[in-house]
Number of protein chains: 2
Amino acid sequence: MPFTNNEFRTAFSVDNVIFGFDDADLKILLIRRAEEPFANHWALPGALVNQDEDLRDAPIRVLKELTGLDNVFLEQVKTFGKVNRHPSGRVITIAYYSLINIHKVAPQAMSFADEVSWIKIKDVDSLAFDHKEILDFSLVKLRRNVKLRPIGFELLPDTFTLSQLQSLYEAVLDKELDKRNFRKKILSMKLLLDVKQYQQGVAHRPAKLFSFNPERYLTLKAEGFNFEI
Amino acid sequence: MPFTNNEFRTAFSVDNVIFGFDDADLKILLIRRAEEPFANHWALPGALVNQDEDLRDAPIRVLKELTGLDNVFLEQVKTFGKVNRHPSGRVITIAYYSLINIHKVAPQAMSFADEVSWIKIKDVDSLAFDHKEILDFSLVKLRRNVKLRPIGFELLPDTFTLSQLQSLYEAVLDKELDKRNFRKKILSMKLLLDVKQYQQGVAHRPAKLFSFNPERYLTLKAEGFNFEI
DNA sequence: CCAAAAGTGTTATTGATACACCCATGG
DNA sequence: CCATGGGTGTATCAATAACACTTTTGG
């Protein structure tokens with residue numbers, strides 16, 4: 001099946017939904033577009049996929065350019081392909097979502113963006129193109145996945161308190177959780193490593209610090225667990 | 001952002017993973033390719049996406065051509081885009097899976113196929129291109145989804161017995177289930193409608209027939225249930 | 001009357017939920 | 001000594017898992 005020219009009239013892009021967490025709110029990294037179409041509108045960062053580039057490498061490239069980070073949690077969300085989703089031509093876009101530790105990032109504007117910013121999920125009302133739909137879909141996926149595996153840890157610093165972890169889950173799920181039950185459940189999984197340190201400089205009883213045990217994570221993943229909280 | 005010609009060098013295809021069930025085994029609808037590359041190899045049915053066609057309409061078109069069926073359960077699985085996945089050029093493919101009632105279908109070969117056939121999942125060892133990988137990924141998704149919503153009903157005739165339903169779940173999950181616990185769980189969901197009829201012409205006690213209650217399905221879906229079996 | 005699958009309940013165990021008080025620190 | 005968030009246990013309820021025999025039909 002050799003291809004004729006006719007079959008190469010569609011461009012394809014990737015869009016990155018990059019989630020972060022800052023001790024209280026779930027946020028997303030957005031860019032303000034410099035160029036038409038949708039100049040000055042907030043949009044998901046993205047790029048066209050290069051001819052000689054594996055699909056998955058495109059969102060990795062975007063992440064690297066935007067945040068300087070490698071080795072980030074990255075998962076495909078869905079492909080969006082309505083004929084008229086892009087005003088300049090036929091563009092099919094593959095959406096990916098990432099979870100990153102917000103404190104590791106000093107994002108610098110990409111060439112085509114005026115501005116890059118962390119925006120609270122709750123404050124995002126409309127976005128360029130069909131990006132709001134993509135965000136909503138990614139959020140549903142994040143909420144489902146956070147119950148199936150402990151990806152939430154990707155969003156936290158290397159060591160964290162149980163309260164931080166709980167408020168992360170509360171932010172992602174948009175739901176209050178019971179402190180004692182949350183701790184019981186999390187600790188019973190043996191997924192946390194006690195780093196034998198305590199918070200410092202807080203005006204209350206300092207909390208124990210934990211880190212995430214990646215070996216135990218692999219075991220649980222192989223067994224197939226659920227993280228229903 | 002007007003596009004230059006350079007950006008239109010990749011073709012887009014869809015591939016359909018079409019599952020069916022025949023009272024004992026989970027099967028997939030495959031074609032035997034007539035043309036190179038991979039002539040005579042079994043492959044997933046698929047097509048290039050037309051320029052003026054919404055992405056989701058492409059797998060619907062393939063299903064219609066192949067089986068004559070409209071209005072089939074169809075869900076996007078994932079997009080596969082390694083640079084060299086297709087020997088004739090850069091082709092990114094979006095995989096979709098469907099669940100159909102195997103008895104409603106008399107598939108007729110598409111133009112580019114020698115042969116179309118239902119093959120037991122367990123008998124599929126290798127496929128053209130990266131189609132085996134796509135199938136494996138779709139199976140994982142099916143197994144996950146079958147626990148989250150009762151999509152299994154799509155695979156059965158309009159009326160069916162509880163034993164048929166159970167063996168469907170056993171085939172999909174590749175796991176034996178306890179008869180009493182299965183019935184208790186299914187019936188407690190009130191998702192089945194007693195059609196007040198019985199099997200006929202079987203050499204044993206005839207089983208009650210049920211149909212699926214689509215209203216109740218919508219209610220459950222809205223509430224968000226889990227079908228953990 | 002035999003073979004084959006249909007149908008049916010109870011108990012034990014596990015996991016989920018609800019809930020309130022004392023503790024350690026900094027200011 | 002006060003304000004702040006950290007930390008802890010028990011009792012109830014709901015869901016899951018394990019398990020074996022009787023019933024109805026066709027041949």
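The figures here come from the full heavy-atom set of this structure, side chains too, leaving out hydrogens, waters and symmetry mates. Reminder, nothing fancy here: chain letters follow the sequence lines and each chain counts from 1.
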| said: For A:Phe80 and A:Phe129, I'd like to know if the aromatic rings sit close, meaning centre-to-centre distance below 6.0 Å. | reply: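 For A:Phe80 and A:Phe129, the ring centres are not under 6.0 Å apart.
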
| Ring center gap for B:Phe212 and B:Tyr217 short of 6.0 angstrom |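 Yes: the rings meet the under 6.0 Å criterion.
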
Nearest-Å distance for atom pair [atom1]/[atom2], residues [X] and [N]:
X: A:Arg183; N: D:dG6; atom1: CZ; atom2: P; answer: 7 Å
X: B:Tyr198; N: D:dT25; atom1: OH; atom2: C1'; answer: 13 Å
X: B:Phe182; N: D:dA17; atom1: CZ; atom2: P; answer: 14 Å
X: A:Gln199; N: C:dG26; atom1: CD; atom2: P; answer: 11 Å
X: A:Gln200; N: D:dG6; atom1: CD; atom2: C1'; answer: 16 Å
X: B:Leu209; N: C:dA6; atom1: CG; atom2: C1'; answer: 12 Å
X: B:His204; N: C:dA4; atom1: NE2; atom2: C1'; answer: 6 Å
X: B:Lys147; N: D:dT16; atom1: NZ; atom2: C1'; answer: 13 Å

| field | Verdict with reasoning, B:Arg85 to B:Asp130, per salt bridge (charged side-chain N to carboxylate O under 4.0 Å, His left out) | value | CA-CA 6 Å; B:Arg85 60 171 295 282; B:Asp130 54 358; 2.7 Å; yes

Would you tabulate the nitrogen or oxygen pairs shorter than 3.5 Å linking the protein to nucleotides 10-14 of chain D?
from, atom 1, to, atom 2, distance (Å)
D:dT10, O4, A:Lys184, NZ, 2.8

| If we fit an axis to the first five pairs and another to the last five of the helix from C:dC1-D:dG27 to C:dG27-D:dC1, what angle do they make, to the nearest 10°? |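 Axis angle across the helix from C:dC1-D:dG27 to C:dG27-D:dC1, nearest 10°: 0°.
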
Min side-chain heavy-atom separation [X]-[Y] under 4.5 Å:
X: B:His41; Y: B:Arg32; value: no
X: A:Lys185; Y: A:Met189; value: yes
X: B:Leu44; Y: B:Ile31; value: no

| In terms of the nearest nucleotide of DNA chain C, which residue is placed more toward the 5' end: B:Arg205 or B:Asp178? |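 Mapping each residue to its closest nucleotide by heavy atoms, the 5'-most match is B:Arg205.
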
| query | Pick the nucleotide of DNA chain D nearest each of B:Lys185 and B:Arg180; which residue has the one closer to the 5' end? | reply |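 Whichever sits nearer the 5' end wins; that is B:Lys185.
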
| said: I need the single residue from B:Leu191, B:Leu162, B:Leu165 that forms a side chain to side chain contact (heavy atoms under 4.5 Å, CB included) with B:Phe210. Which is it? | reply: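 Going through B:Leu191, B:Leu162, B:Leu165 one by one, the side chain to side chain contact (heavy atoms under 4.5 Å, CB included) with B:Phe210 is satisfied by B:Leu162 alone.
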
Distance in Å, [X] [atom1] paired with [Y] [atom2], rounded so as to fall on 0.5 Å steps:
X: B:Ile60; Y: B:Leu69; atom1: CD1; atom2: CG; value: 12.5 Å
X: B:Gln199; Y: B:Arg205; atom1: CD; atom2: CZ; value: 11.5 Å
X: B:Ile121; Y: B:Leu139; atom1: CD1; atom2: CG; value: 5.0 Å

| Where the side chain of A:Ala203 is concerned, which of C:dG26, D:dT25, D:dG6 is the nearest nucleotide? |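 Closest nucleotide among those given: C:dG26.
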
| field | Nucleotide nearest A:Ala207 (side chain, heavy atoms from C-beta), chosen from C:dA6, D:dG7, C:dA24 | value |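 So the side chain of A:Ala207 is nearest to D:dG7.
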
| field | DNA chain D contacts made by residues 160-176 of chain B, counting heavy atoms under 4.0 Å | value |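 Within this stretch, nothing sits under 4.0 Å of the strand.
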
| query | NZ of B:Lys132: more than 12 outside heavy atoms within 6.0 angstrom? | reply |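 Enclosed.
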
| request: Sort out for me which residue in B:Phe73, B:Phe160, B:Phe21 forms a ring-ring contact (aromatic ring centres under 6.0 Å, His included) with B:Phe153. | output: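 The ring-ring contact (aromatic ring centres under 6.0 Å, His included) with B:Phe153 is passed solely by B:Phe160 among B:Phe73, B:Phe160, B:Phe21.
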
| message | Need one value for B:Lys208: base, sugar-phosphate or nothing, where a base atom within 4.0 Å counts as base even if backbone is also close, heavy atoms only. | response |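 Counting heavy atoms under 4.0 Å across all strands, the contact made by B:Lys208 is with sugar-phosphate only.
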
